[in-house]
Engineer: 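Structure below; questions to follow.
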Amino acid sequence: MAEVPDELIKLERSAEEERAKLAGLSGDAYDAQLRRWHKASEAVQAAISAHAAATSADRCKVEQAVKRALWHSQEDPTVE
């Protein structure tokens, strides 16, 4: 598969950050954060689908490549 566009990685990272914010929440705060996470996740899925369609790539392979790229990226270059 070709290189994963940075925009897809950024969207996936954003969705993961929103998911992580669910920890420790309850009630209305949890519900509001859950909606933010779902919105971010929907944006990622739409962007992956659009990229796959535009490049005639397999959608599942694009999604896997995005997740793999995110897992292998490092926010802090001092972290090994």
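Numbers for residues simply follow the sequence, beginning at 1.
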Engineer: May I ask you to say whether R13 pairs ionically with E16, meaning some side-chain N is under 4.0 Å from a carboxylate O?
Structural biologist: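 No, no charged N to carboxylate O under 4.0 Å.
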Engineer: Check D58 against A52 and note the closest heavy-atom contact, atom names and distance.
Structural biologist: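 Closest heavy-atom pair between D58 and A52: C-CB, 4.4 Å.
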Engineer: Verify the neighbour count for atom CG of D28: are there more than 12 heavy atoms of other residues, nucleotides or ligands below 6.0 Å?
Structural biologist: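 Count not over threshold, so no.
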Engineer: Can a salt bridge be assigned to the pair E7 and K10 using a cut-off of 4.0 Å between side-chain N and carboxylate O?
Structural biologist: no
Engineer: Using the test side chain to side chain donor-acceptor pair (under 3.5 Å), find all partners of S49 that sit at least two apart in sequence or belong to another chain.
Structural biologist: R59
Engineer: Taking only residues two or more places apart in sequence, or in another chain, which ones meet L34 in a side chain to side chain contact (heavy atoms under 4.5 Å, CB included)?
Structural biologist: L22, Y30, W37, H38
Engineer: Any idea which heavy atoms bring L11 and V44 closest together, and the distance?
Structural biologist: O-CG2, 3.1 Å
Engineer: Please, which pairs that meet salt bridge (charged side-chain N to carboxylate O under 4.0 Å, His left out) have at least one residue in residues 32-44, sequence neighbours excluded?
Structural biologist: none
Engineer: So, E18 side chain and Q33 main chain: donor-acceptor pair closer than 3.5 Å or not?
Structural biologist: no
Engineer: So, for L8 and V62, which heavy atoms are closest and what is the spacing to 0.1 Å?
Structural biologist: CD1-CG1, 4.3 Å
Engineer: Looking only at heavy atoms, which two atoms of A40 and A15 are closest? And how far apart?
Structural biologist: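 Taking A40 first and A15 second, the nearest heavy atoms are CB-CA, 3.7 Å.
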